[in-house]
Structure formats: structure tokens, C-alpha cells
Amino acid sequence: MSKRGATVRAACGTTMWGVGGVLANLLFMHTAASPAWLVSMRLTWAGILLLGFGAATHQPLWRVWQTPAKAIRLIVFGVVGVALAQLTYLLAIQTGNAAIATIMLSLVPMIITGVVCLRQWHLPRRSDAIAIGIALIGVVLLVTGGHLTQLQVPPAAIGWGALGAVTGAAYTMVPRPLVATEPPLVVVGWGLVIGAVLMNVVSPVWRIPAGIQPWGWAAIAFIVLGATLIAYILYVTSLTVLAPASAAMIENLEPLTATLLSILFLALGFHRLQLLGIALVLGGIALMNWTPQPHRRGVRARQAAAHHIS
């Protein structure tokens, strides 16, 4: 696969995630579908199909279960990194909107940076510290509109969005040792299935909400097939070519897509300072993935080594 092809795959996958968030927003606005039920639908069918894809491409589906430590980590990944991450994200959409939820979710790289610095007991790079500060200012502007004594975003949406960012960080960090030795699609597929088992206890897929119209089922089909199954396949397969920094930059398409579509189709209006806040959050993410020219060769070598084992 060429770098251009990998870039297109990653861009399509992340854009589908953004579209899926807006469609979920429409479902919550116009149907009786709940976040828990939609997560159950999403994880159940996408997980089964993704493992089916793995079997069809002759990937070792059962090897990960042969080592107890790997099996335990996989279960934690499925429960925390998949089920809870998806549930908190959709709850942030339901209590707020798709744009707010995806922008809050874009704080994941900064949470990961903070966790890594604490684990290794060192300060972040100067550019990372500046990026985190810029992004936090952006979040404050986004949720307050510049009026620090009042919120422009429902407190529940802020809370669920923050939890979504934390569990989103778990989605990235928990399976890291697994994907060093197992195919990423297999790890993600099992994570979806494990998450589906938990979510079906909470809200079974067969308890279908009443009154879902054909357009609603079409939206659900896209969320399951497009925004989950196909998006994961496109994005994960692109990582065999793209450097981690490049992939992280392309991920910015998700909040951008969700924000633009929310403005166009959900009739959301943002104040100027809120739009500035969105720009600051995305700018902070871009800064975190920027490397000064003199250090790029060494950083790229480290990224290539890390990418080789991930």
C-alpha cells in the first residue's frame, strides 16, 4: 500500500467516525433509541463482522486467549476501552451534541501524554506543555463562550465528554502490549465482542425501541457498518504505512467533520469565542504532533520503531 493510499484510508475512516456521531445525534433527537441500546447494536454486529473478516483473511483469532495475561488485558480493553468509551461518548452526544462530544474526545492524546509523563516521572516536552495549555484554554472557551461565570454547554455533556476522553485514552493504552504480538483487527474485534456482551446485559439488542423509521434504520446501519466496521478496517490497515504522528493529525478530521455537519444539519450555532475554542483545541493537537526540524530524524526513527511493534 502506498502512503497516499494509506492516507486516504485513514481520512475516510476518521471522517466516517465523525458522520456516525452526527447520525447518532439525530437518532437521539428524533427516536426513542438510547445510548446504551445503540452501543449494544454497534458493538454486537460490528464485532461479529470484524472477527468474521479476520477469519476470512486467515488471522489467528484464538491465539490471544492462550496466554492468561493477554486474556485479562483483552477483557479490560473490551469493558473499559470499548464498552465504556462508546457509552460515555454517546451519552455526551445525547446530553450535548456530536460536535461537543468529538471535540472533548480529541483531548485523548493530551491525557495519554500526561499519563506517560507520570509513569516515567518526567516533564513533558515544552511544545507538549504549551499544546496542553492551548487546548485547555480552548475547552474553557468552548464550554463557556468566554463567560466564565456561566456554561454554554450542559454540565452533563461536559462530564460525559471528559469521561469519554479518559476511557478513550484507555482504548489506546490498554491494548498496546497486545497489538505488539497480535493483529490489531483481531484485538479490536474481540474488544468489540467483549464490550457487546456487557452492553447486552444492560440493554439487549432485541429490545428494539418503538417507532424507528426507515431513515433511522439506515442511520443505524451506517453507524454499525460504516462508522464502526469499515472505519476500523480502513484506519487500522492504514497504520501499517503511516507514522503515528501522521495518523494522529488525520484523526482531526473526526471533530472537524462532526462540527461542520452539526452546524449544517443540526442547526447548531456557535459563538465566535466557542469557534475560537474549537480552533485552539485542534491547534493544540497539531502542536503536540509537531517536531522541530533538528529533532525530526531522531523522532521519526523512534516513531518507526514504536510503529513496528504496535
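Scope of the values below: all heavy atoms of this structure, side chains included, with no hydrogens, waters or symmetry mates. The chain is numbered in sequence order, starting from 1.
- Criterion: ILVMFWY side-chain heavy atoms under 4.5 Å apart, direct or through other members. Under it, Met41 and Val197 are not part of a common hydrophobic cluster.
- Using a 4.5 Å cut-off between side-chain heavy atoms of Ile, Leu, Val, Met, Phe, Trp and Tyr, with links allowed through other members, Leu256 and Leu264 fall into the same hydrophobic cluster.
- Residues passing the side-chain contact (heavy atoms from CB on, under 4.5 Å) test with Val8, sequence neighbours excluded: Cys12.
- Residue Trp45 qualifies as open at atom CH2: its count of foreign heavy atoms under 6.0 Å is 12 or below.
- Minimum heavy-atom separation, Gln59 to Pro183: OE1-CB, 3.0 Å.
- Taking hydrophobic clusters as Ile, Leu, Val, Met, Phe, Trp and Tyr residues chained together by side-chain heavy-atom distances below 4.5 Å, Trp62 shares a cluster with Leu50.
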Donor-acceptor pairs under 3.5 angstrom involving side-chain atoms of residues 64-83: please list them, not counting sequence neighbours.
unit_1: Lys70; atom_1: NZ; unit_2: Thr181; atom_2: OG1; d: 2.9
unit_1: Lys70; atom_1: NZ; unit_2: Glu182; atom_2: OE2; d: 3.0
unit_1: Arg73; atom_1: NH1; unit_2: Val174; atom_2: O; d: 2.7

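- For Leu105 against Gly164, the heavy-atom pair with the smallest separation is CD1-O, 3.4 Å.
- For the atom pair Ile132 CD1 and Leu107 CG, the distance stands at 10.0 Å (nearest 0.5 Å).
- By the side chain to side chain donor-acceptor pair (under 3.5 Å) test, Gln120 pairs with His122, sequence neighbours left out.
- Applying the side-chain hydrogen bond (donor to acceptor under 3.5 Å, both in side chains) definition to pairs two or more places apart or across chains, none involves residues 201-218.
- Of the inter-residue distances, the one linking Met199 atom CE with Leu38 atom CG reads 9.5 Å to the nearest 0.5 angstrom.
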Name each donor-acceptor pair under 3.5 Å that joins a side chain in residues 184-191 to protein atoms two or more places apart or in another chain, with its distance.
unit_1: Trp190; atom_1: NE1; unit_2: Leu61; atom_2: O; d: 2.7

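- Across Leu123 and Cys117, no two heavy atoms sit closer than the pair C-SG, 4.1 Å.
- A donor-acceptor pair is defined here as one N or O able to donate and one able to accept, closer than 3.5 Å; no such pair exists between the side chain of Thr102 and the backbone of Ala258.
- One distance of note links CG of Leu27 with CG of Leu90; it measures 10.0 Å at 0.5 Å rounding.
- Met29 and Trp160 fall within the same hydrophobic cluster, defined by Ile, Leu, Val, Met, Phe, Trp and Tyr side-chain heavy atoms under 4.5 Å apart, directly or through other members.
- Counting only distance, with no hydrogens or angles, the side chain of Thr228 and the backbone of Leu225 share no donor-acceptor pair below 3.5 Å.
- Hydrophobic clustering of Ile, Leu, Val, Met, Phe, Trp and Tyr side chains at less than 4.5 Å, counting indirect connections, keeps Ile103 apart from Leu260.
- The side-chain contact (heavy atoms from CB on, under 4.5 Å) search around Ile263 returns Thr259, Phe270, not counting sequence neighbours.
- Counting only residues at least two apart or on different chains, the side-chain hydrogen bond (donor to acceptor under 3.5 Å, both in side chains) pairs with a member in residues 82-100 are Arg42-Gln86, Thr88-Thr167.
- Leu261 contributes atom CG, which lies 8.0 Å from atom CG of Leu266 (distance to the nearest 0.5 angstrom).
- In this structure, Leu49 CG and Leu192 CG are separated by 10.0 Å, a value rounded to the nearest 0.5 Å.
- Contacts of Leu280 classified as side-chain contact (heavy atoms from CB on, under 4.5 Å), with partners at least two apart in sequence or in another chain: Ile134, Ile137, Leu141, Leu276.
- Taking Thr44 as the reference, Asn200 meet the side chain to side chain donor-acceptor pair (under 3.5 Å) condition, with sequence neighbours excluded.
- Here Phe222 pairs with Met16, Val19, Leu23, Ala227 under the side-chain contact (heavy atoms from CB on, under 4.5 Å) rule; sequence neighbours left out.
- Across all non-hydrogen atoms, the minimal contact from Ala10 to Ser238 is CB-OG, 3.5 Å.
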Let me see the working for Asn25 and Phe265 under side-chain contact (heavy atoms from CB on, under 4.5 Å), right down to the final yes or no. CA-CA 10 Å; Asn25 206 153; Phe265 297 106; over 6 Å; no

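- Looking at residues two or more places apart in sequence or on another chain, you find no ring-ring contact (aromatic ring centres under 6.0 Å, His included) involving Phe28.
- Sorted by first and then second residue, the side-chain hydrogen bond (donor to acceptor under 3.5 Å, both in side chains) pairs with a member in residues 75-84 form an empty list; sequence neighbours excluded.
- Nearest heavy atoms, Val281 versus Met110: O-CE, 4.4 Å.
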